[in-house]
Each structure stands twice: as structure tokens, then as C-alpha cells.
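Naming convention: chains lettered A, B, ... in sequence-line order (proteins, then strands); numbering from 1 in each chain. Reckoned from all heavy atoms, side chains included, excluding hydrogens, waters and symmetry mates.
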Amino acid sequence: METRRTKRVTVAVQSLEMSPAEGPGRRSAPKRYRYSPEKTHAKTQKKGKTTTRSDHGGLSPYELERLENIRQNQAFLSSINLFQATEELKQLTQPKASQRRLLSGRVKAAAKEALPARKSLRLQNKEPNTLILPGEPEGLLYMQTSLKKPPGPLPMDPINMDEGSKLPSSLLELCSEGYPEERKVDLDLKDYRSALKNMRITEDTVAKVVKGHIYSASFHPCTSSLLVAAGDKLGNVGLWKLGGEGVDDGVLLFEPHTRPVSCMAFSRAHPTQLLSCSYDGSLRCMDVEKAVFHDVYDIEDGLRTFDFMSRDCSTLVVGNWLGEVAIVDRRTPGNTHESLHSLDKTLRCVSVHPLQKQYFAVAERRTVNIYDSRCLKNSKTPAVSQLHGHSLSISSAYFSPCTGNRLLTTCMDEMIRIYDTSSMTEKSPLLTSIRHNTHTARPTKLTKLSAVWDPKREDCFVVSSSRPRSVQVFHQSGQLQRHFVDGENFNTVLSVAAFHPSRNAFVGGNGSGRLQVFSD
DNA sequence: ACGTGATGACTCC
DNA sequence: TGGAGTCCCTCACG
């Protein structure tokens, strides 16, 4: 918790150094450099680099002005006691330099283990605490208090409609349509290919659904219309009924989180519910029936991924930034039970076995570990099975949707792999490797690309690529089934992709809040 | 002015 | 060191 506080403060200090009027300045592109007296300070203060020339020993008018600017900046910063405040904070929160080196390896692990089990303040029925810097400007205070939505249920008020607007009644009707009782037998692969071939993207199947970059997207199981949800970088969740009318062509925009919505999924048992987790540390459940976002789980650190652990979707496994998984039981409303288990901090993705729900796979660093949730320990839980062969970090790992006999991974070593997890032996064998450019443009701006199964089948998956811009559907053998290429209505990188659970449709989300649906 | 969309930059080990 | 891992932050273009 201490480190987190430090981090927040550091961020605040950084932004203050750059503001108020100058802006951060350009970091490169000297050929476009123009001398502009108002905009010089930050530019020349960039760490370790300077544009100053000292060939002649004396100072040029430009350099003199720069020094004057630095002096003025420092005077401003001193006037608000910032230096003093940061020094005090450093002493409070950081170990001395001589101690810092010790906090590594075993010592660090021991220090971590010695910490009491973390539990959110909400679950402890305590008020959230906020750290306030002495003499802190209001803007910074706002930054800190706005980091999280208040605990408890949030009303489902669309922020793109007039205040007090009710949800359209058609939404509840549509959301009540659940998954089909019986799953159809898999189509013959040839028929599947021709179904894919009929899938098109048109002007009507593209819409801006959220404002920020899309981090997660999911199809609602209904079939009478297509309904898609998307979560963005700003913590907003958008619902889009294709062909919808009214404000924004059937888009409803909500604000259940304040930071990127890292993962979302409709409940299979209660299709009126959409669960979403966020880097802001909260996991909420949108309930269309009650028109609220329930507060399911909430910790200080960011939540990265989750999956349902029970058929009724009441138990979840949730992975956070610290590499912990929490088993969250929401059967008793308002009294969520959680248990935390430390795994590797590089934890990226969790996936529950579709049939044997006690098993879940975790992408950790360069290995996928499959654990038994009944045998979890606080740390160093032994894996039931391991998947080896990745040479860089793994960005996603998913059990095949029907039997769980296969596991699909996407790795930064530019390979997609399929493992055989049918026997769940100590080491699950690798079946197929497919070379694929899994790198996106700057991952700060776009999320990493991941291969995801088509939930209608046991053996096919979709993955998008940024260069060339395309979306591909593969069979687990590595055989390409469909290649959607850059063309009319589709010319962006779809960093997030998801198939419809029963219809021939899939959706891609791009870096500017736009959803693109391919359907027949 | 504003929406759009993308192959850095930084730190850590 | 330099490659791997990580995302707090942007900005040129039409």
C-alpha cells in the first residue's frame, strides 16, 4: 500500500513539473524545432540530454533565457513547498539508499509474505483514506479523489443521454434472452468455412461505442438482435444494439470504472448481468434488471483478468497486477467472500476449464500453469500441469470452449500455440505452433493482440494482426479458415476481438472506441 | 477545431 | 550491458 501511495504522488509531481503553461515539449524531431521563448524550459531540461552548445565558453542569449526560465520554475515550485513535501514523503515512504539494495530477492519475498492478507477498505467497512500533500493544488486533490468510483451500487445512468433518462425497455427484453439450451453439434469444417465466407462488415456494423481505446469487448448471447459491450481506457462501458435507433444509434454509455476496463463477460447463468473489472481495482456487475452496477470486489491494485469458476457464475477467479489470484464468491449479496493466493507477478490471463471448473490456467511469465482451486495455498501452489515452450512472455491462455482439451496461447515470441490438455498430466504436450505477428503498435496506445476461441466450436479461433491489418480465423491444426483483410469499412487494427456464442458474427474493437462487427 | 489511430520510451534485472 | 517487460505519458494528420 505504501508503494502505491508513493507512486501516485510521483505521478502528481511529474505532471506539476511539466505544467502549468509550458507543456512537456517535444522529445524529438529536431528538424521541426522552432525557437519559441515561451516554450523552451521543459525542452532543455529533459534528463541527460541538452541542446545547449558550449563551444565558445560564453552563454548565448538563448542559454541565458533558459537559465532564467529554470530559475523561475524553481521559484514557483519552491513557493508551493513542493520540494520540501517530496523530500518528506521520500523519507516517509522509501528505505534509505543503503537499505534499498536489500529489498530484493529473498528479502523482498519475505517482506511480502510478512504482510497481512490485504482486504479492501470497503470489505472492512472503513472509509477510504486519501493522502493529501501539504499545499496541494486543487487539481491534484481532484486527481486523487477521482481515482475510484464510490463503493456500493452505482445507478445505470447512461452518460450519453439526458439526466434521469430511463433505460430503454427493449434492452431488458433483449438481455433476458439467454444462451441456447443445447449446443449445436459443430459444423463440418467445410460448412464452417462457407459460413465465415458469408460474414461481412458494412457501414451499419461499425459504430463508435466508447470514447477511449477499447480494452475489452464481449457479445451478449441474444440472437434476435446483435448486442455488444465494450470497455475502454477511461473506465466507460458502452452497450450497442446493432440497428438500434435513438440517441447515438442505439449506443448506451456508462461509467462504472475510472480506469481501463481490462476484462468483461456476460454471465452465462444470468444474461442480464455483465461483469467487468478494471485497472482501478474494482470488479462490478452490471444488472440490467435492477439498473445498477453492483460492487462485487474491490482492491487497491489494478485488476487484469477474471473468469467464472462455477456454472451459476457466482464464483470468480480474478487476477490482479501483483500476480495474485482471488477466488471471489458473490453468492451472499453485499458480503463478498474472497481469498487471495500469490502467483507470479507477471500474471496476464486466467482461464477456467469449461467442464472441470476446479482447474484454471494462468499465463505466468513464460509458462502456463494449471492449478486446482481446491488446493490453493497462500504462496507457491504447485501446478497440476505445466505448458512449456514459450520463449517470451505470454499474453493470453484460454481453454477450448467445449471440452477444455485444448489450450490456446498467444506469446510475445510471435507464436500462437495449441497444447493438449486432455490428460492434464504434469506437462501438457504442445500440438501446434503458428507464426503470427502478435505485436501491436505501441502497446500503451493499443492493447496486445490475443488469439481467442470461437465459443461455438472446439477447434477454431480468431486473431487479428496489425501489420498487415487483418483478422484471421484458424483451425487448431494451423490451417487458415478465413482471412479478413484491410478494405472497405475495415482499415484499423482491431486490438480486441470476440466471437458471438451462437451466431456467425464476431466483433473487433480498435484504438478509438469503434466496434466493427463482421456478421452474416 | 476536432476526431482519429498508431511499431516508443522507459525501467528493471 | 542490453534485451525483456511494462504501460503512468502523445501527437501528426486529414
Side-chain angles (χ1 to χ4, degrees), chain A residues 3-19 22-29 31-34 39 42-43 46-49 100-101 103-109 140 143-144 146-147 206-215 232-235 248 258-260 262 278-281 301-302 304 320-323 344-349 363-367 390-395 410-414 436-449 464-469 486 489-496 508-516:
Chain A
T3 52
R4 175 140 180 123
R5 286 184 190 180
T6 319
K7 204 172 169 186
R8 284 186 196 173
V9 173
T10 317
V11 168
V13 170
Q14 276 176 357
S15 51
L16 220 150
E17 273 175 354
M18 292 186 186
S19 42
E22 297 84 356
R26 294 175 57 89
R27 289 184 186 171
S28 55
K31 62 178 177 180
R32 286 183 182 241
Y33 177 74
R34 277 185 306 147
K39 293 190 176 179
K43 220 175 283 184
K46 205 67 206 169
K47 285 181 239 175
K49 289 179 185 171
R100 220 173 289 152
R101 199 178 306 150
L103 283 176
S104 64
R106 201 182 300 167
V107 181
K108 215 182 210 169
L140 295 184
M143 267 178 66
Q144 299 200 344
S146 71
L147 279 174
V206 179
K208 179 134 174 148
V209 175
V210 281
K211 289 176 189 158
H213 304 144
I214 295 183
Y215 272 59
D232 77 353
K233 183 175 176 146
L234 310 169
D248 296 336
T258 56
R259 301 207 46 211
S262 46
S278 164
Y279 288 5
D280 70 12
D301 295 283
R304 215 192 271 280
N320 68 27
W321 274 348
L322 299 179
D344 194 289
K345 69 173 182 185
T346 56
L347 179 158
R348 283 267 162 276
C349 181
E364 294 173 74
R365 208 171 287 268
R366 297 178 187 181
T367 312
H390 301 89
S391 63
L392 287 178
S393 64
I394 305 164
S395 33
T410 312
C411 181
M412 294 311 284
D413 64 9
E414 308 213 335
H436 188 270
N437 184 359
T438 50
H439 289 272
T440 50
R442 316 158 66 161
T444 17
K445 322 291 187 239
L446 290 171
T447 42
K448 283 178 185 160
L449 304 176
S464 69
S465 113
S466 70
R467 187 178 284 182
R469 297 199 221 312
D486 189 349
N489 299 316
F490 167 49
N491 52 11
T492 68
V493 178
L494 299 179
S495 48
V496 175
N510 79 359
S512 51
R514 211 169 277 281
L515 282 182
Q516 322 216 354

key: B:dA6 to C:dT6 separation - P atoms, rounded to the nearest Å   = 24 Å
ask   = Between B:dA6, C:dA4, C:dC8, which one does the side chain of A:V493 approach most closely?
value = B:dA6
inquiry  = Let's see if you can work this out: which of B:dT7, B:dG5, C:dT6 has an atom nearest to the side-chain heavy atoms of A:S466?
reply    = B:dT7
request  = Grab the CG-P distance between A:N489 and B:dG5 for me, whole Å please.
outcome  = 12 Å
ask   = Quick one: A:L515 CG to B:dG5 P, roughly how many Å, whole number?
value = 13 Å
ask   = What does A:D413 touch in the nucleic acid at a heavy-atom separation under 4.0 angstrom: a base, only the sugar-phosphate, or nothing?
value = nothing
task = First locate atom CG of A:L392, then atom SG of A:C411, and finally report the distance between them rounded to the nearest 0.5 Å.
result = 5.5 Å
query = Over how many whole Å does the gap from A:K233 atom NZ to C:dT6 atom P extend?
reply = 17 Å
message = Rounded to whole Å, how long is the line connecting atom CG of A:D301 with atom P of C:dT6?
response = 15 Å
key: N/O (side chain, A:S393) to phosphate O (OP1/OP2, C:dA4) under 4.0 Å   = no
request  = Quickly work out the A:R366 CZ to C:dT6 P distance and round it to whole Å.
outcome  = 11 Å
message = Taking side chain to side chain donor-acceptor pair (under 3.5 Å) as the definition, give me every residue that meets it alongside A:Q516, ordered by chain and number, with sequence neighbours left out.
response = A:T492
key: Nucleotide nearest A:R469 when distance is taken to its side chain, options C:dC8, B:dA6, C:dG5   = B:dA6
task = Starting from P on C:dC7, measure out to CG on A:L322 and report it in whole angstrom.
result = 11 Å
note = Checking B:dT4, C:dC8, C:dG5 against the side chain of A:S512 (C-beta onward), the nearest is B:dT4
remark   = Of B:dG5, B:dA6, B:dT4, the nucleotide closest to the side chain of A:N510 is B:dG5
request  = Drop me the distance from A:K345's NZ to A:E364's CD, to the nearest 0.5 angstrom.
outcome  = 13.0 Å
query = Can you find an N or O donor on one side and an acceptor on the other, under 3.5 Å apart, linking the side chain of A:N491 with the base of B:dT4?
reply = no
Length of the NE2-C1' vector between A:H390 and C:dG5, whole Å = 16 Å
message = It should be established whether A:K208 places a side-chain nitrogen or oxygen under 4.0 Å from OP1 or OP2 of nucleotide B:dT4.
response = yes
remark   = Tightest non-hydrogen contact, residues A:N489 and A:V206, listed as O-CG2, 3.9 Å
remark   = From CD1 of A:I214 across to C1' of B:dG3 the rounded distance in Å is 15 Å
key: From CZ (A:R304) to CG (A:L347), nearest 0.5 Å   = 7.0 Å
query = Taking OP1 and OP2 of C:dC7, is either one under 4.0 Å from a side-chain nitrogen or oxygen of A:R304?
reply = yes
task = Check whether any side-chain N or O of A:R348 sits under 4.0 Å from OP1 or OP2 of C:dG5, and answer yes or no.
result = no
key: Minimum-distance nucleotide to A:R259 side chain [options: B:dG5, B:dC13, C:dC8]   = C:dC8
inquiry  = Nearest to the side chain of A:T492, heavy atoms from C-beta on, is which of B:dA6, C:dT6, B:dT7?
reply    = B:dA6
inquiry  = Test of understanding: with side-chain contact (heavy atoms from CB on, under 4.5 Å), list the residues that count as partners of A:D486, not counting sequence neighbours.
reply    = A:R469, A:N491
query = For atom C1', what is the distance between C:dC8 and B:dT4, given to the nearest Å?
reply = 23 Å
